[in-house]
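Written below as structure tokens is the structure these notes are about.
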Number of protein chains: 2
Amino acid sequence: MYTIRDVAKLSGVSRSTVSRVLNNHPYVSDEKRKRVEEVMKQLHFTPNQISNHFRLKRTGSIGIIIPYLSHPYFAELAGVLSEESHNYGYKPVLFQTFGDRHQEIDVFEKWKRKELDALIITSSSLNQVELDEMSMNGILVICNEAYKSSKVDVFCLNEKHAAYKSVVYLIKKGRRKIAFCSDYLASPSQQERLLGYKLAHQEHKLTWDEHLIFDKIASIHDGYMLGKKLHQTNDIDAIFAGSDFVAAGYLKAAHECGLSVPNELSIIGFDNHSISDVTSPAITTMTNQVQEMAKDLVHALELRLSGQSKPFERKHYESKLLIKGSA
Amino acid sequence: MYTIRDVAKLSGVSRSTVSRVLNNHPYVSDEKRKRVEEVMKQLHFTPNQISNHFRLKRTGSIGIIIPYLSHPYFAELAGVLSEESHNYGYKPVLFQTFGDRHQEIDVFEKWKRKELDALIITSSSLNQVELDEMSMNGILVICNEAYKSSKVDVFCLNEKHAAYKSVVYLIKKGRRKIAFCSDYLASPSQQERLLGYKLAHQEHKLTWDEHLIFDKIASIHDGYMLGKKLHQTNDIDAIFAGSDFVAAGYLKAAHECGLSVPNELSIIGFDNHSISDVTSPAITTMTNQVQEMAKDLVHALELRLSGQSKPFERKHYESKLLIKGSA
DNA sequence: GTGAAAGCGCTAACAT
DNA sequence: ATGTTAGCGCTTTCAC
């Protein structure tokens with residue numbers, strides 16, 4: 001592999017001049033620039049970026065922590081975050097941590113060691129205090145999770161309000177036994193959703209049944225199994241599913257149990273994934289705002305990376321209810 | 001940020017000794033090792049990995065080119081490839097290229113400049129010759145696409161056989177007007193599928209209708225629109241959809257057109273995605289083998305990266321037909 | 001066992 | 001406009 005040293009020697013200039021040519025520095029005579037470029041071509045010279053990373057103390061890599069890429073919502077989120085990072089000239093490095101604390105700490109380690117210029121977290125097994133501590137080690141941004149930190153930038157959906165709106169809608173339709181599904185109830189965002197669910201009940205002077213709050217329901221299959229189980233014995237009349245996929249599985253089970261949706265049972269999904277359009281009936285759902293979130297987030301990141309300090313922000317996005325058929 | 005220089009000074013040893021401690025080199029006295037480790041802890045010292053990358057001429061990053069993360073098959077593939085790379089201690093760097101040649105060339109550039117130790121391609125707008133040329137620049141592996149190169153490792157499904165098996169199944173069920181859907185017909189893998197489709201017809205002394213071969217049908221929505229269009233005028237009796245998502249969209253349209261599936265119309269999907277279990281009827285589908293592919297691929301990559309030279313391999317995986325209901 | 005010293009490929013401050 | 005030089009943080013000979 002050739003270095004600028006070789007190029008310099010062959011074109012009869014100094015290494016600085018070669019470097020200047022590489023970086024489009026204005027102070028190079030056209031004559032030398034041309035000569036250097038010719039030699040570069042002739043040698044098939046490609047500058048070694050690693051040395052640049054070393055020299056400039058940055059790699060241009062941005063880590064993205066995602067729990068599961070098999071989860072359509074997170075796949076979508078990973079997609080838009082990668083795309084935006086790439087648009088800004090960064091290299092998106094994706095880490096699937098499967099919600100595993102150790103895997104996550106591995107990634108933090110890389111970030112601490114400067115392998116990653118910044119880290120975006122979309123889900124974490126670390127708690128508030130731990131994350132606040134972490135934030136001292138470099139640039140950290142949180143996406144999608146409703147952490148209440150004032151030491152990092154946070155971009156997330158107004159989960160509470162989203163759940164609140166869905167449940168109010170169900171209540172207004174006369175539903176009284178409303179199940180609540182969560183993929184991972186321990187997370188701040190899911191806690192917010194639950195608060196919204198409860199708030200809607202309180203405001204309508206209704207009580208909710210703790211037995212209708214379900215955790216670890218994440219996939220089509222989970223939704224299906226839950227539906228099968230519930231409709232053996234229970235008489236719930238509505239379900240706020242954590243995602244359109246869960247909703248789709250649940251709907252399938254409801255059909256098999258002979259329930260008519262939305263007449264006997266209402267189902268509300270989440271994310272407005274295209275699956276919600278092809279079930280029968282189509283699934284009434286809440287929009288996420290991943291596109292906007294990702295855009296704002298990477299823009300904010302760019303500012304931080306370029307050294308502009310500003311107070312940490314915490315931006316909420318509003319979810320919209322799309323009535324399609326299942327509720 | 002502290003460097004080994006600081007650690008050395010504070011613990012009264014040389015930089016070499018600090019380095020030895022960092023790398024668990026055996027030739028360090030217990031006494032000094034302990035002293036150095038204490039100072040490290042005290043200083044919250046973390047070694048700068050970039051300098052290591054520079055020194056050792058490798059970054060541990062593996063680039064993965066994916067066309068769309070919103071496409072569930074590619075999301076799945078990206079997921080397993082990331083996971084496997086991570087298992088081997090590499091950093092998976094994901095690039096969504098949206099099938100765009102320029103974006104792809106950007107990634108190749110990074111790889112040439114040694115920002116990426118290796119590159120995995122799951123889809124490419126470059127042709128055979130261009131890729132063969134590229135392969136001279138470093139370590140390149142192809143996954144999922146049926147390139148016929150002998151200059152790179154290739155891991156892919158036996159697409160031709162998969163399509164062949166599906167279509168034979170349909171023919172045996174008495175179907176005669178079988179539509180063929182592809183997301184991107186120009187790609188080698190889709191060309192293989194088409195060959196399988198044609199072969200099945202030939203072997204049964206049947207002709208196929210070029211008008212029933214559809215390109216750029218990739219999403220639920222595309223499948224739905226195609227179904228709506230076709231059943232205004234056409235009388236096709238089966239469809240080999242490129243994916244379960246397309247199949248699901250198509251099925252929805254078929255329902256709306258009052259067609260009974262699988263009585264009047266048979267549908268076969270691809271990938272055995274969980275969506276195929278929640279439609280009514282469930283979608284008969286072909287399995288992909290992404291898990292196995294990714295495992296073998298990263299293992300082979302590991303060998304190449306560790307400098308073990310062996311002939312380039314080309315591994316095919318067999319798809320299985322899962323009969324679920326729509327055909 | 002330990003330290004001194006060279007050097008990875010590049011950029012940028014400084015001198016000219 | 002161009003060259004000289006120092007140095008980024010680390011590992012790895014080599015000498016002792």
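Convention: sequence-line order gives letters A, B, ...; per-chain numbering from 1.
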Scan side-chain atoms only and decide if [X] and [Y] contain a donor-acceptor pair under the 3.5 Å cut-off.
X      : Y      : value
A:E104 : A:S125 : yes
A:Y90  : A:E84  : no
A:Y88  : A:H299 : yes
A:Y73  : A:N144 : yes

With sequence neighbours excluded, tell me which residues meet side-chain hydrogen bond (donor to acceptor under 3.5 Å, both in side chains) with B:S149.
-> B:D132
Tell me whether [X] is salt-bridged to [Y], with the criterion being a basic N under 4.0 Å from an acidic carboxylate O.
X      : Y      : result
B:E130 : B:R101 : yes
B:E313 : B:K310 : yes
A:D296 : A:K315 : yes
A:K41  : A:E37  : no

Could you check how far [atom1] of [X] sits from [atom2] of [N], rounded to whole Å?
X     : N      : atom1 : atom2 : value
B:D6  : D:dG9  : CG    : P     : 9 Å
B:M1  : D:dG9  : CE    : C1'   : 8 Å
A:I4  : D:dG7  : CD1   : C1'   : 14 Å
B:K57 : D:dT12 : NZ    : P     : 13 Å
B:N23 : D:dT12 : CG    : P     : 7 Å

Which residue, B:E115, B:H53, B:Q49, forms the side-chain contact (heavy atoms from CB on, under 4.5 Å) with A:H53?
-> B:E115
Provide the start and end nucleotides, 5' to 3', of the part of DNA chain C that has atoms under 4.0 Å from heavy atoms of chain B.
-> C:dG1 to C:dG9
Would you give the length of the straight line joining atom CZ of B:F108 to atom CD1 of B:I121, rounded to the nearest 0.5 angstrom?
-> 3.5 Å
Comparing B:F54 with B:V28, nearest DNA chain C nucleotide closer to 5' gives the residue B:V28
Give me the residues of residues 35-53 of chain B where at least one heavy atom lies under 4.0 Å from an atom of DNA chain D, by number, or none.
-> B:F45, B:P47, B:N48, B:S51, B:N52
Reckon B:S19 touches a base, only the sugar-phosphate, or nothing at all at heavy-atom distances under 4.0 Å?
-> base
Any donor-acceptor pair under 3.5 Å linking the side chain of B:R20 with the backbone of B:R15?
-> no
Pick out the pairs of N or O atoms, protein on one side and nucleotides 3-6 of chain D on the other, that lie under 3.5 Å.
{"unit_1": "D:dG3", "atom_1": "OP2", "unit_2": "A:S14", "atom_2": "N", "d": "3.0"}
{"unit_1": "D:dG3", "atom_1": "OP2", "unit_2": "A:S14", "atom_2": "OG", "d": "3.1"}
{"unit_1": "D:dG3", "atom_1": "OP2", "unit_2": "A:T17", "atom_2": "OG1", "d": "2.6"}
{"unit_1": "D:dG3", "atom_1": "N7", "unit_2": "A:R20", "atom_2": "NH1", "d": "3.4"}
{"unit_1": "D:dG3", "atom_1": "O6", "unit_2": "A:R20", "atom_2": "NH2", "d": "2.6"}
{"unit_1": "D:dT4", "atom_1": "O4", "unit_2": "A:S16", "atom_2": "OG", "d": "2.8"}

Global bending angle along the helix from C:dG1-D:dC16 to C:dT16-D:dA1, which compares the axes of five pairs at either end, to 10 degrees | 40°
Sequence neighbours excluded, the answer for salt bridge (Lys or Arg N to Asp or Glu O under 4.0 Å) partners of A:E192 is A:K148
